[in-house]
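Notes to accompany the following structure.
For the numbers below, each heavy atom of this structure counts, side chains included, while hydrogens, waters and symmetry mates do not. Order of listing sets the numbers, starting from 1, for every ligand and every atom in it.
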Amino acid sequence: MIHVPLNPQRISQALGNGYWRVKVISETTSTQSEIINNFSPLQHGDLLIAEFQNNGRGRLDRKFIAPPMRALLFSTFIKPERAISEWGWLPLIIGLSVAEALSELTGKEFLTKWPNDVLYEGKKVSGILCESSHGGLIAGVGINVNFEKSELPVKNASAINLVTGSEAERELVLAATLGKISENLKIWNESGVNLLADIYLKYSATIGKEVRVELGNGNTISAIAIGLSEFGELKLSNGSAVSIGDVTHLR
Ligand code: BTN
């Protein structure tokens with residue numbers, strides 16, 4: 001497989017409007033840390049994308065690893081128009097947007113694992129990390145686009161090309177993803193969470209499943225995932241609602 005660098009002109013063409021301001025760099029520690037620490041002031045839609053991260057960060061203090069030019073690795077500043085009490089929805093909106101974009105681009109069924117991993121047939125293709133900063137949220141997205149099987153970071157991972165059998169153009173994957181993010185942010189802003197929750201449920205592999213949730217404090221809950229709260233928390237059949245945790249699908 002030959003890996004070509006991202007073409008900024010092709011990105012602008014594919015994006016087609018001025019909503020996102022994209023900067024491409026070849027290497028950084030982490031686009032997330034770089035945008036948080038070195039970009040100021042930030043405006044809604046500022047976006048940094050790197051060909052390689054030498055210290056990519058995942059949720060719950062994990063690493064996110066991808067060889068150069070295989071993945072889409074970007075962080076973008078979002079200034080939600082909704083009340084801060086609702087910002088827990090943003091990680092879900094980003095995961096939903098990736099799942100929708102990949103499903104529409106490929107004709108395959110990509111689903112989210114709450115809150116926002118994106119899976120194909122149970123294997124992780126994309127991970128998302130959202131952090132509060134600069135009075136808004138920094139949404140960091142990693143999507144495995146064109147990987148050799150041997151390059152996958154863990155056994156239970158996959159990539160778009162391994163799902164479809166052909167290489168994907170990363171600029172088009174980026175444009176489709178950003179198009180869905182802006183569309184879903186608009187729905188959130190204009191209609192609130194009810195409509196979004198309906199769309200999220202269509203792309204959720206978690207709701208209705210028996211799950212094990214590892215909570216940040218070391219405790220674990222096994223229960224059925226029955227829905228989402230008004231804050232985007234995962235509602236469980238034991239009566240609890242979880243805002244942070246690592247979900248395993250049991251059945
Ligand atoms: C996870 O799967 O736990 C979340 C992974 C998030 C990875 C992305 S890649 C771009 C951005 N920069 C980072 O260091 N992390 C996010």
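The protein atom (non-hydrogen) at minimum distance from atom 12 (N) of ligand 1 is Q53 OE1, 2.8 Å. The protein non-hydrogen atom at the shortest distance from atom 10 (C) of ligand 1 is T31 OG1, 3.3 Å. Among protein heavy atoms, the minimum distance from atom 5 (C) of ligand 1 is reached at F64 CD1, 3.4 Å.
Near S75, the atoms of ligand 1 lying under 4.0 angstrom from a non-hydrogen atom of the residue are 11 (C), 12 (N). Ligand-side atoms of ligand 1 in range of G56: 14 (O), range being under 4.0 angstrom from any heavy atom. The atoms of ligand 1 that sit less than 4.0 Å from any heavy atom of G142 are 8 (C), 9 (S). The contact set between ligand 1 and S30, taken as ligand atoms under 4.0 Å from a residue heavy atom, comprises 12 (N), 13 (C), 14 (O). Below 4.0 Å from some heavy atom of G58 lie the following atoms of ligand 1, by number and element: 1 (C), 3 (O), 4 (C), 5 (C).
Note: an N/O pair closer than 3.5 Å links K124 and ligand 1 by distance alone.
Enclosure of atom CD in Q13 by more than 12 non-hydrogen atoms of other residues, nucleotides or ligands within 6.0 angstrom is indicated. Counting non-hydrogen atoms of other residues, nucleotides and ligands closer than 6.0 Å to NZ of K123 gives a total of 12 or fewer. Within a 6.0 Å sphere centred on CD1 of I187, other residues, nucleotides and ligands contribute more than 12 heavy atoms.
In summary, the side chains of E27 and N54 do present a donor paired with an acceptor at a separation below 3.5 Å, with no hydrogens or angles considered. E34 and T29 share no donor-acceptor pair across their side chains, judged by distance under 3.5 Å alone. Between the side chains of S75 and Q32, at least one donor-acceptor pair of N or O atoms lies under 3.5 Å.
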List the atom pairs, with distances to 0.1 Å, where a side-chain N or O of residues 213-222 and a protein N or O form a donor-acceptor pair under 3.5 Å, not counting sequence neighbours.
residue: N217; atom: OD1; partner: N219; partner atom: N; Å: 2.9

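Under 4.0 angstrom from ligand 1, there are no non-hydrogen atoms of L60.
Of the candidates R59, E34, R57, R59 brings a heavy atom nearest to atom 1 (C) of ligand 1.
The main-chain N or O of F147 is found under 3.5 Å from a side-chain atom of N161 such that the two form a donor-acceptor pair.
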